[in-house]
2 protein chains.
Amino acid sequence: MIAIPLLEKYNGIIKNYQSGDIIFEEGKQPTHYYQIISGEVKMNNYNDEGKEFIQGIFYKNQCFGEPPLFIDQVYPANAVAVTDSELIIITKDKFFELLKNNSDISLAIIKNLSQRLYYKSVMAAEISSQDPEHRVLRLIDYSIEQLNFKKEEAGFLINFTRQQIGDLTGLRVETVIRAIKSLEKKGDLKIINRKVYR
Amino acid sequence: MIAIPLLEKYNGIIKNYQSGDIIFEEGKQPTHYYQIISGEVKMNNYNDEGKEFIQGIFYKNQCFGEPPLFIDQVYPANAVAVTDSELIIITKDKFFELLKNNSDISLAIIKNLSQRLYYKSVMAAEISSQDPEHRVLRLIDYSIEQLNFKKEEAGFLINFTRQQIGDLTGLRVETVIRAIKSLEKKGDLKIINRKVYR
DNA sequence: ACCATTTTATGACTTAAATCATATAAAATA
DNA sequence: TATTTTATATGATTTAAGTCATAAAATGGT
């Protein structure tokens with residue numbers, strides 16, 4: 001998103017997280033802008049029974065957790081490192097200063113938020129009213145489009161576990177496994193030693 | 001969102017829609033920026049079986065449908081007038097010109113998108129994993145916070161039909177009616193001649 | 001190389017919400 | 001005012017996805 005040298009100019013500091021580390025928590029006041037240098041971060045919620053819902057998974061060069069910064073609200077979800085990750089963060093004040101002095105960044109932020117809102121709109125409609133197979137396939141297609149999944153001879157390798165697909169679509173693992181099996185039978189995707197290709 | 005005189009300066013034109021009129025359709029290329037002068041607009045999708053999902057309802061002074069404009073994608077949902085409505089619209093080109101010449105508007109757009117993303121995050125987690133009563137109550141509380149529902153002696157009047165609550169939460173009318181009844185019994189809200197107060 | 005954990009997998013059973021049917025009240029319209 | 005349409009309401013039934021149990025393969029750490 002934002003060039004690292006520019007972030008460093010605004011007192012950007014580098015932080016390292018281990019897989020599973022919590023970066024920030026739901027309900028807490030936002031204080032920084034976060035951008036991924038390397039690794040993988042998910043934002044999630046837990047419902048009253050402890051079931052996880054993954055709001056999104058973020059990768060290299062992506063930022064996450066800005067909306068509450070702009071609207072003075074607490075975080076609506078947690079941010080957790082999925083793998084060991086290196087992040088660069090700057091304070092809220094410095095972030096606004098940076099924005100003020102770099103009008104092109106505003107447009108980048110707008111585009112990024114628009115992209116995320118688009119994903120949420122698509123998935124909201126899916127989750128609320130489509131059947132499991134439809135939901136899973138949509139998530140897969142959207143992810144191929146947006147994330148950099150590798151194209152192999154068998155097709156795009158879907159780099160999600162069944163559990164992650166479940167947590168992203170609001171389904172249980174068993175349901176995802178069954179949906180994927182059924183989609184394979186219909187020829188909509190391939191399973192080659194447990195890995196999913198589309 | 002954007003002052004009407006400013007929109008007029010950028011060739012803004014006023015359009016009138018009757019209740020039920022389609023403003024734009026899912027899958028179509030976006031061409032304009034839309035802002036409500038008066039009336040009420042919903043964005044929605046229909047699933048394969050024709051069930052409606054309402055992405056959001058928009059009121060006076062609010063804009064809608066910009067994200068696809070910024071990311072060069074087709075509309076992810078339809079926009080439909082819920083009541084007779086008066087809108088002001090400007091072309092995509094003029095909108096970008098306006099943004100370029102008015103840097104303060106960029107921040108307003110960012111805040112608006114952040115607010116909508118926040119709503120989507122909260123509702124996504126609700127819809128995917130909370131029970132009907134929880135979902136309905138969350139929608140109601142969020143709507144009180146964001147929309148200008150009138151405060152009366154009995155509490156805030158929830159200006160939604162049961163069907164609209166269903167379409168916003170991914171539930172069926174009957175389920176919403178039962179959830180609301182149950183929430184009333186628990187004292188979480190009031191029903192006074194069929195109207196819901198919180 | 002071994003053990004613990006995670007991931008994928010499948011069958012049997014349960015359950016919560018959807019569906020279907022029907023009714024009445026309220027609002028809109030002719 | 002009468003009539004159609006929309007919104008709220010409730011009971012009975014169905015069903016799709018969740019839950020539970022169990023297992024085997026794959027992965028990761030020591």
Side-chain angles (χ1 to χ4, degrees), chain A residues 18-20 40 42 47-54 80-84 126-137 139-140 157-185 189-197, chain B residues 18-20 40 42 46-54 80 82-84 126-137 139-140 157-185 189-197:
Chain A
Q18 285 191 288
S19 173
E40 203 172 312
K42 69 179 171 184
N47 78 352
D48 295 347
E49 279 86 48
K51 180 173 185 278
E52 181 177 6
F53 175 71
I54 300 179
V80 182
V82 175
T83 63
D84 292 353
E126 284 292 320
I127 288 172
S128 83
S129 48
Q130 298 288 8
D131 62 84
E133 291 178 27
H134 204 287
R135 287 197 229 179
V136 168
L137 210 53
L139 174 77
I140 286 176
L157 170 62
I158 309 311
N159 200 24
F160 287 143
T161 65
R162 312 286 195 271
Q163 184 63 64
Q164 283 179 324
I165 293 175
D167 294 341
L168 284 159
T169 54
L171 298 166
R172 307 249 76 147
V173 216
E174 298 95 325
T175 306
V176 172
I177 288 167
R178 285 164 187 145
I180 287 175
K181 279 279 156 92
S182 165
L183 285 166
E184 190 204 17
K185 249 181 207 157
L189 40 78
K190 285 176 199 156
I191 307 177
I192 299 171
N193 60 21
R194 300 176 153 210
K195 296 195 169 301
V196 178
Y197 295 87
Chain B
Q18 285 192 288
S19 173
E40 203 172 312
K42 69 178 171 185
Y46 294 95
N47 78 351
D48 296 347
E49 279 86 48
K51 180 172 185 279
E52 181 177 5
F53 174 71
I54 300 179
V80 182
V82 175
T83 63
D84 292 352
E126 285 291 321
I127 288 173
S128 83
S129 48
Q130 298 287 9
D131 63 84
E133 290 178 27
H134 203 286
R135 288 197 228 179
V136 168
L137 209 54
L139 175 76
I140 287 175
L157 170 62
I158 309 310
N159 200 24
F160 288 142
T161 65
R162 312 287 196 270
Q163 184 64 64
Q164 283 179 325
I165 293 175
D167 294 341
L168 284 159
T169 54
L171 298 167
R172 306 250 73 147
V173 216
E174 298 95 323
T175 306
V176 172
I177 289 167
R178 285 165 186 143
I180 287 175
K181 279 277 157 93
S182 166
L183 286 166
E184 190 205 18
K185 249 181 206 156
L189 38 79
K190 285 177 198 155
I191 306 177
I192 299 170
N193 60 21
R194 300 178 153 210
K195 296 194 170 300
V196 179
Y197 295 87

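All chains are named by letter (A, B, ...) in the order of the sequence lines, taking the proteins before the strands, and each is independently numbered beginning at 1.
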Answer whether the closest heavy-atom distance between the side chains of A:V196 and A:I165 falls below 4.5 Å.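 Answer no - side chains too far apart.
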
How long is the line joining [atom1] of [X] and [atom2] of [N], in whole Å?
X      : N      : atom1 : atom2 : result
B:L183 : D:dA9  : CG    : C1'   : 16 Å
B:K181 : D:dA9  : NZ    : P     : 4 Å
A:I191 : C:dT8  : CD1   : C1'   : 10 Å
B:I127 : C:dA16 : CD1   : C1'   : 17 Å
B:R162 : C:dA27 : CZ    : P     : 12 Å
B:Q164 : D:dT8  : CD    : C1'   : 14 Å
A:Q163 : C:dT5  : CD    : P     : 17 Å
A:I165 : C:dT7  : CD1   : C1'   : 12 Å

Identify, with sequence neighbours excluded, every residue that meets side-chain hydrogen bond (donor to acceptor under 3.5 Å, both in side chains) alongside B:Q130.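 Here no residue qualifies.
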
Looking at CG of B:L168 and CD1 of B:I54, how far apart are the two atoms once the value is rounded to the nearest 0.5 Å?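 The CD1 atom of B:I54 is 4.5 Å from CG of B:L168, to the nearest 0.5 Å.
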
One thing to verify: whether B:K181 and B:E133 come together as a salt bridge, which I'm taking to mean a side-chain N less than 4.0 angstrom from a carboxylate O.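 Result for this pair is no, no salt bridge flagged.
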
For nucleotides 11-27 of chain D, give me one character per nucleotide, 5' to 3': B if any protein heavy atom sits under 4.0 Å from the base, S if the only such contacts are to the sugar-phosphate, - if neither. BB----SSBB----BS-

Among D:dT8, D:dT10, C:dA9, the nucleotide that comes nearest once only the side chain of B:T161 is considered: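 Of the candidates, D:dT8 comes closest.
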
Closer than 3.5 angstrom, by distance alone: can the side chain of A:D167 be matched with the main-chain N or O of A:F53 as a donor-acceptor pair?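 Flag not set: sc A:D167 to bb A:F53 has no pair under 3.5 Å.
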
Sub-3.5 Å donor-acceptor pair from the side chain of A:D84 to the main-chain atoms of A:S19, do we have one?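 At least one qualifying donor-acceptor pair exists.
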
